[in-house]
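Sequential numbering from 1 along the given sequence is applied to the chain's residues. Quantities reported herein were computed from a predicted structural model and do not represent experimental measurements.
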Amino acid sequence: MRPDSRPRRYGFLLLPDYALMSAASAVEPLRAANLLSGRPLYDLQFVSIEGGFMPSSVAGGFETIALAEADENLDILFVVAGGDPLAQRDPRVLAFVRRLARRGVALGGISGGAAILAAAGVMAARRFTIHWQHLDAMRETWPDALIERRLFVIDRDRFTCAGGMAPLDMMHALIASAHGAALARAVSDWFIHTGIREAEAPQQLDPARKYDLHHPALVAMVELMTSHIADPLGLEDLGQLCDITPRHLERLAQAQLGESVMQFYRRLRLDKARELLTQSGLPLAEIALATGFASRSHFSRSFRAQFGISPSSRRQNHARPEGQACSATPPSSISQKASPISAGRSAPCSDDEEARCGSDNGSAGFPRRALHGSGPVRPSIALHGRLA
């Protein structure tokens, strides 16, 4: 993986009652990355529906440009929402999000932002998270959505986090993925945020304790792997981002994990697949894509080799009431309607290759179960200047 010399363009769509802490926790790490690297890595654009000064829930805010004038040539658009995001259904916002999705722009949600993405219909077959306050309402509104109670979730071209300080952890993962673990650690140290949390915190221990790791490169490796489940990184990429040679990384993995780097990576992905099998009605082909496998057959072979049972049997056994005989009828799958809204589809790893993957084309609507029913505007800042 070679560093991209072009600054990444991130847009932040600020909606009424957004939390200043959530927005700042996302923006400040990017500003620090620019300063500490000595070059413009990130170029930010702040957008609101009407433009002008956009106050947060505590009055402080950002100068923005109007939605109608926003530059759509972005690498990622983050929707930052607070208050009651499920009640925010401005058609201009939804149309803007859908338009960017059609253009292949990656999308993110901060705090309640994922509710806006879901309402726009761009989160089908994507894992995501949202602030805990909105979890129950989200699950009631979209019972088949792949919502997870995590700090942040990165699934191919969707980046969501729970708000508060969670954006800082998600940006750490993004900086590490694009520019290496060393810069990400430097940014975290600058903000005295040395206890970087994994995406799955607080549900799981950090990598060092969970796997009893004693080398920072292995900790960085596991963090990268957990944030690249659907679009697996290759060994060369992992080595470069962890600032270590691939051969040295392999030796460390064998010594401390007892298996090769890519064997460990595949096991992480299969663990996530097993979770999706039992906690969602997602079709097997979609689970394969969501966990970085090139095809359903490749996924099924890998799953059986790891767990001694096929994915369909695992799902069937989990769904069958206790004492009920196994039925020959396979579990019903959830139908999905074709949609014109899509982003780029990744090329997950094949049998012979565990490689870097791209983004994914997904249908826009969630599958449904049958039984569920003021000052001068500064539109873009390069984030240079003195760190506070």
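Looking at every heavy atom in both residues, Q88 comes nearest to P16 through NE2-O, 3.4 Å. C242 approaches L224 most closely through the heavy-atom pair SG-CD1, 3.8 Å.
Between D155 and K272 there is no salt bridge, since no side-chain N of the basic residue sits under 4.0 Å from a carboxylate O of the acidic one. We find that E250 and R247 are not joined by a salt bridge, their nearest charged nitrogen and carboxylate oxygen being 4.0 Å or further apart. A salt bridge links E50 to R92: one of the charged nitrogens lies within less than 4.0 Å of a carboxylate oxygen.
For the residue pair H179 / S37, no side-chain donor-acceptor distance below 3.5 Å is found, with atom types taken as modelled.
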message = For V261 and L252: C-alpha separation, side-chain torsions, deciding distance, then whether side-chain contact (heavy atoms from CB on, under 4.5 Å) applies.
response = CA-CA 9 Å; V261 170; L252 290 171; over 6 Å; no
task = Output, in order, the C-alpha distance, side-chain angles, deciding distance and verdict of side-chain contact (heavy atoms from CB on, under 4.5 Å) for L289 and R156.
result = CA-CA 10 Å; L289 288 173; R156 290 158 283 182; 4.0 Å; yes
ask   = Does the pair F264 and Y211 meet the rule for a ring-ring contact (aromatic ring centres under 6.0 Å, His included), with working shown?
value = CA-CA 11 Å; F264 177 79; Y211 300 108; 5.1 Å; yes
task = Run the numbers on D75 and R9 for salt bridge (Lys or Arg N to Asp or Glu O under 4.0 Å), then give the verdict.
result = CA-CA 5 Å; D75 292 294; R9 289 187 53 75; over 6 Å; no
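Using bins of under 30°, 30° to 60° and over 60° for the plane-to-plane angle, the ring pair F46/F12 lands in the parallel bin.
No side-chain heavy atom of L270 sits under 4.5 Å from any side-chain heavy atom of T291. In this structure the side chain of V105 never reaches within 4.5 angstrom of the side chain of E72, judged on heavy atoms. Between L276 and R127 the shortest side-chain heavy-atom distance falls below 4.5 Å.
Both V222 and L238 belong to a common hydrophobic cluster when Ile, Leu, Val, Met, Phe, Trp and Tyr are linked at side-chain heavy-atom distances under 4.5 angstrom. Under the 4.5 Å side-chain contact rule for hydrophobic residues, F299 and I229 do not share a cluster.
Around the CG atom of D271, the shell of radius 6.0 Å holds more than 12 heavy atoms that belong to other residues, nucleotides or ligands.
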